[in-house]
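Reviewing the structure listed below.
Note on naming: letters A, B, ... go to the chains in the order of the sequence lines (proteins, then strands), and numbering restarts at 1 for each one. No experiment lies behind these values; they were computed from the predicted model shown.
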Amino acid sequence: MPLVYYALQQVINALSIGSLYALMAVGLAMVFGILRLINFAHGDMMMIAAYIAAFALGAKLPLPVAVVIMLGGTVAVGMLTERVAYRPLRGAPDVALLLSSFGVGQVLQNGTLLVTRLMQKPILIAFPAPEVLSGAVALGPLTVSRLNIVSLSAGVVLLVGLTLFVTRTTLGLSMRASAEDLVAARLVGIKINRVVTSAFQIAAALAAVAGLLFAVQAGQINPYMGFTPVLKAFIAAVIGGFGSIAGAVLGGFVLGALEVLLTALPGLGDLLPPGPVADFFKTFLPSSLTSYRDAFVFVALILMLLLRPNGILGKDERET
Amino acid sequence: MRNVSVYYGGIRALDHLTLHINAGELVALIGSNGAGKSTTLKTISGVLRAKQGLVEYRGEDISHAATDHIVAVGVSHCPEGRHIFGGLTVRENLRLGAVARRDEQTLQRDLDWVLEMFPRLQERLNQLGGTLSGGEQQMLAIARALMSQPQLLLLDEPSLGLAPLIVERIFQVIRELKARGLTILLVEQTVHQALDVADRAYVLESGRIALEGTPDALKHNPQVEEKYLGQG
Amino acid sequence: MKINHSRLWSWLVAILILAVVLALLQASGQAFWQGIVINVGIFIILTVSLNLSNGFTGVFSLGQIGFMALGAYGSAILTLPLREKAEYLPRLPAWLAGVHFDFFVGPFPLGFMLATLIAALLVALVALLVGLVLMRLSGHFVAVATLGFLVIVRVILFNADDFTRGSRTFSNVTPYTDLWWVWVWAVLAIYVVWRIKFSSFGRTMFAQREDRAAAQAIGIATMPPRLLAFVVSAFFTAVAGSLYAHFITSFSPTVFYFDLTFRVVTMLVLGGMGSVSGSVIGVLLVMALAEILRRIEDVNQLYGLSGVVLAVIFILIIVFRREGLLGSREIPFDRLWQKGGANQSAVISEQ
């Protein structure tokens, strides 16, 4: 019986982490779809959001106010980076855009470091987690952390909202059209710059929400906290077939599941009743493997890029 | 369009090209591959920029205008290779065709109008653009271009790769549009049919106007006969 | 023949001048400047070899610093003296616990040189295997996949406690690295990369960089030049790792990560992707700037300032002068001694 709870617990973990990856991956995919830019500074949007939220909450502002300030600030930074570092590179080779985003990431990280220095704050800040996001609630026999519940519901609400936006509104349709065929989008009279700006705004807002939730989860923030999540989000986007919003969402959840599996399976040998099955897990999936999780995830990324560069949904399937 | 030169990198695609289209006229642009026909259309619609010269539309200099502005003032470009949005439904494609217009009220009327012209699209309104047949995609591309309420329609190779029956239908539509007073600049490989519907035609060679005249005059020009009309 | 002679002389004169400068620096006993010049040499090796893999072929790898890490750890494990090894890495497997490349021949730390070579060759082998897989990708997907490689190396270094002490600092490395070792390798790296550039292999590298499809269409196989560039680059990068390890003498996996990657990429892009002399200039400029900024930073406690300034400069280069200072051109230093001075222009083609 406990094994069932264990499994359920892991499913909830997978869904909650998956929705955070999905929020990040969608932003990457939207921008990539239109500009063919792999925006490595996307993780730093998360980081900026976490810092704004930390300062706002630290100043004892109520959570809703802090969230609004966080969203506004992050969206503004996102738009600024697009204007300064990507728009002048329209039509440049992909790698130039990629490099520029590395530069942006460095500016944001070091800039945050500098600002915290100027404010006489330490580099590593403990994140003042708001009450709604801390603690856990009992759901029948399960104990689920509030953070997991909020992550999952925020993910679902935002992703449903985004889906409505890209299928029901003209701006959303323009965004999908631009991602599909930029020349045709121009020819029908879509204002590309407006579409790009909106994509950056939405991406930054989604990253901000993910950043807040990641910060609560980690308990502390630092200027480099965005690096690993952006790589993970990239993997999620690749799994889903880069540039497709639905694919990115799916990829986020697949990655979440994969990570939880890689964490949970090696520990399974210790949980199972003694016997051949437990021995099998202990031998072939020892719990020490867990710390190699990220390595496996990135091996999966490389395999994905080589074998199914169009993602698990696959372009050929979508085009029939 | 006056004295326009366009370059791809160091290669000159249009060489001091001058042409004009009168309101209500159907002008055909013919010439071999690489003569600069598509480049001409792209320069008018603002996808490409003239390095020198002037593109004027109803007295307004649009040489440096953004494509969305050019569409908004009434020039619609239906590109070669159709370029419909394959991942969007037919309805969404048509809705985006109207994205640049300012009056939303007449939108439904125009939608009904283009669907009347292309009943096949009516049946497939909720289907993804990518699932249509080649002919249907071409119809969608034209319909989409019409949704911006253009006064000038730039049509690039509408018959390319289509079955004769569908080509016939497309030309029928072109005639209808002309009858409704739409100004059309048509680029075509099937020179015969193009000359049949056109009021006037230009022959392009290496980015320059080689000949200009009425279809009748061109049809009987020995050079045109030999080069573009073949035996037929 | 005559031309080749004068070229050879140019190289020799350049090396001689360098040697005199190094000897003077050595004699001066200025530890601070010696340290700077050693760092410059190491970064020149890194940047020039990054240029070979990224600049020449256009296959943008962000994983090279992973090779540097492997070179650093590999050689450091090899050179650790027996007694310290037993104490320091007690769980090393027997075949590795017994080796100690800490012997000298006369004044030369031959063991260190062998350890460097062995580590670099092993890394080149790793690069061959990795390259066989990754060089098939192109554009920015290579960048991401190689970045994935960097992460994988880091995870392994953190977790292979028995070999690397994991996240704890790896220290007690003997400081073998001096001015001479660094600059012998730097000159060798420059020379090899320069020769590759003007070889037929180099020409195919540049050809497929400009247009991979066109190169394939005219029958140029793109894989061999890409792979060669990647492997040779990894070799020298690992050498730089070994030199670096035996210079700073204590390090952890964190040292060999994204900040260092970005620093070297900045040097490369500033100098010009494809220009060997550009890389050298890029290193000198970025090092000088970083040193000045670091002082301002230290005095005013404004950490992050140098990072911001360097990254802003980097973005400005990408936006306004993407080809860097020199593009693919070279300062034709090997022709400055030629008669007539007709070759003042920086032309790359060699007959």
Check: Should the heavy atoms of other residues, nucleotides or ligands under 6.0 Å from CZ of Arg83(A) be counted, would the total exceed 12?
Finding: no
All heavy atoms of Ala177(A) vs all of Leu88(B), minimum pair found to be CB-CD2, 4.2 Å
Honestly, the part of Arg168(A) sitting under 4.5 Å from a heavy atom of chain B is backbone
Minimal heavy-atom distance between Arg144(B) and Val188(A), with the atoms involved, is NE-CG1, 3.3 Å
Residues Ala100(B) and Gly189(A): closest non-hydrogen pair is CB-O, 3.9 Å
Taken to the nearest 0.5 Å, the spacing of Phe85(B) CZ from Ser178(A) OG works out to 7.0 Å
Worksheet item: Hey, is the main chain of Gly46(B) close enough, under 3.5 Å, to the side chain of Arg186(A) for a donor-acceptor pair?
Response: yes
Is the shortest heavy-atom distance from the side chain of Pro79(B) to the side chain of Val183(A) under 4.5 Å? no
Cut-off 4.5 Å, heavy atoms of chain A, and the answer for Ile70(B) is neither
Worksheet item: Is the count of non-hydrogen atoms from other residues, nucleotides or ligands lying under 6.0 Å from Leu165(B) atom CG greater than 12?
Response: no
Note to self: Does Ile190(A) form a side-chain contact (heavy atoms from CB on, under 4.5 Å) with Leu96(B)? I'd like the steps, not just the answer.
What the structure shows: CA-CA 8 Å; Ile190(A) 291 171; Leu96(B) 285 178; 4.2 Å; yes
Within 6.0 Å of NZ in Lys178(B), more than 12 heavy atoms from elsewhere = yes
One option among Thr67(B), Leu154(B), Asn93(B) has the most heavy-atom pairs under 4.5 Å with chain A, and it is Thr67(B)
Problem set entry | Donor-acceptor contact present, side-chain Glu92(B) to main-chain Leu173(A), <3.5 Å | no
Quick check on Arg194(A): does its CZ atom have over 12 non-hydrogen neighbours (other residues, nucleotides or ligands) under 6.0 Å away?
no
Q.
I'd like to know whether Ser45(B) forms a side-chain contact (heavy atoms from CB on, under 4.5 Å) with Leu187(A), so could you lay out the CA-CA distance, the side-chain angles of the two residues, the decisive distance to 0.1 Å, and finally the verdict.
A. CA-CA 7 Å; Ser45(B) 62; Leu187(A) 284 179; 3.6 Å; yes
